[in-house]
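We name chains A, B, ... by the order of the sequence lines, and we start the count at 1 in each one.
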Amino acid sequence: MSPHRQLALLWGGVAAAIVALSPLAARLAAGLPACPVRAWLDLPCLTCGATRAALALARLDPATALALNPLAALGWIGLVGGGLAAGILAAADRPLPRLRLRPTPHLRLALAAVLLANWTYLLLAGV
Amino acid sequence: MIDSADSSLAPPPPPAAGGQGNPWERRASLGYGAGLLESIKLFIVSPSAAYEQTLKRGDFLSPLLFAVIVGWFGAILGQIWQFFFQGSLLNLIPPDVRDQVVPFLSTTPIELAISMILLPIFLVIGLFIWSLLFHLSLLLVGALGVSESGFEGTFRVNGYAYVVQLAAVVPFIGWIIGLVWFVALQTIGAARIHDTTPGRAFVGAVLPLFVCCVCFGLIAVMFGALVASAFQSG
């Protein structure tokens with residue numbers, strides 16, 4: 001099996017495991033402490049709201065998840081949705097699309113801008 | 001769907017890129033036990049040589065299996081230490097802090113058994129997600145400009161860097177050693193596998209820790225400071 005197909009099956013397995021474990025998400029997250037950055041500085045860190053967004057997605061509430069941390073919510077949706085799609089295609093022996101990110105300066109700049117925009121949102125929304 | 005060769009735990013085919021394969025990647029000829037032990041030894045005592053031998057491409061299964069085996073073994077070591085020292089360590093912590101720490105610790109044999117069974121699943125999820133974040137970080141710092149192996153290379157670097165889970169053999173401070181060691185292995189591995197500079201590889205390794213784990217890092221520092229103060233006052 002090609003590494004490309006192995007990756008698709010691995011991604012699919014990870015996505016399926018996340019879905020399967022989602023009923024336990026609230027129990028697992030209950031043990032997590034509050035964000036010390038917010039406690040000390042009264043400001044959200046870059047990942048503030050990510051756990052709550054994941055819990056909202058586990059409850060199939062994407063609107064709340066996006067409001068809590070848009071980037072984290074989209075990341076979770078992409079990880080699980082893309083993984084399930086890739087896994088099904090690979091398991092069915094169907095052709096897999098190739099996603100190849102060229103590490104151009106524009107892409108790097110865009111990535112940094114997205115991170116900054118998400119943090120700005122968290123600061124303004126007071127997540 | 002999956003042919004017979006795919007469903008086995010067979011090592012990767014002959015190398016297409018990179019070195020000749022580290023001992024774990026040559027387990028077909030060395031044997032599974034010898035390949036695993038020699039790889040663990042190599043990644044501990046000579047990580048540069050280990051990553052020099054590691055294939056840049058070939059398969060996802062080898063680093064995945066390696067990470068799950070050493071990660072599971074490291075977790076068992078950690079649980080053994082916890083079993084022997086949890087009580088005495090908790091007695092050093094102020095009662096109000098102890099109440100916050102106790103929920104994180106497995107207390108009953110059933111919880112322990114469940115966590116050991118589920119651990120490989122969490123290890124695979126963690127390895128995959130952390131490799132994604134590491135890869136994005138390497139992309140952000142421009143470390144993938146001439147990389148031939150792409151995400152697979154990053155996954156291979158991270159999978160073999162999971163050898164740091166064995167740092168759990170050191171009680172109390174094993175996780176700190178493991179964290180520093182993990183960054184060092186990621187730096188060495190990414191520089192070698194992606195043909196980038198150690199500086200870019202280091203920034204790429206550290207960036208996700210700051211972005212994603214600043215909270216956990218601060219909690220760790222707070223916990224460490226509390227334990228240290230408890231030792232001093234005791």
Region of [X] in contact with chain A, defined by heavy-atom distances below 4.5 Å:
{"X": "B:L140", "value": "both"}
{"X": "B:L138", "value": "neither"}
{"X": "B:L132", "value": "side chain"}

*Determine whether the side chains of B:E25 and B:Y160 contain a donor N or O and an acceptor N or O closer than 3.5 Å.*
yes
*Taking ring-ring contact (aromatic ring centres under 6.0 Å, His included) as the test, write out the residues that go with B:F151, two or more places apart.*
B:F128, B:H135
Contacting region of [X] [heavy-atom separation from chain B under 4.5 Å]:
{"X": "A:W11", "value": "both"}
{"X": "A:L79", "value": "side chain"}
{"X": "A:L109", "value": "neither"}

*Could you tell me whether A:R52 and A:D61 make a salt bridge, using a distance below 4.0 angstrom between a side-chain N and a carboxylate O?*
no
*Crowded around B:F73 CZ? As in, over 12 foreign heavy atoms under 6.0 Å?*
no
*Out of curiosity, B:H194 NE2 to B:L139 CG, how far, rounded to the nearest 0.5 Å?*
10.5 Å
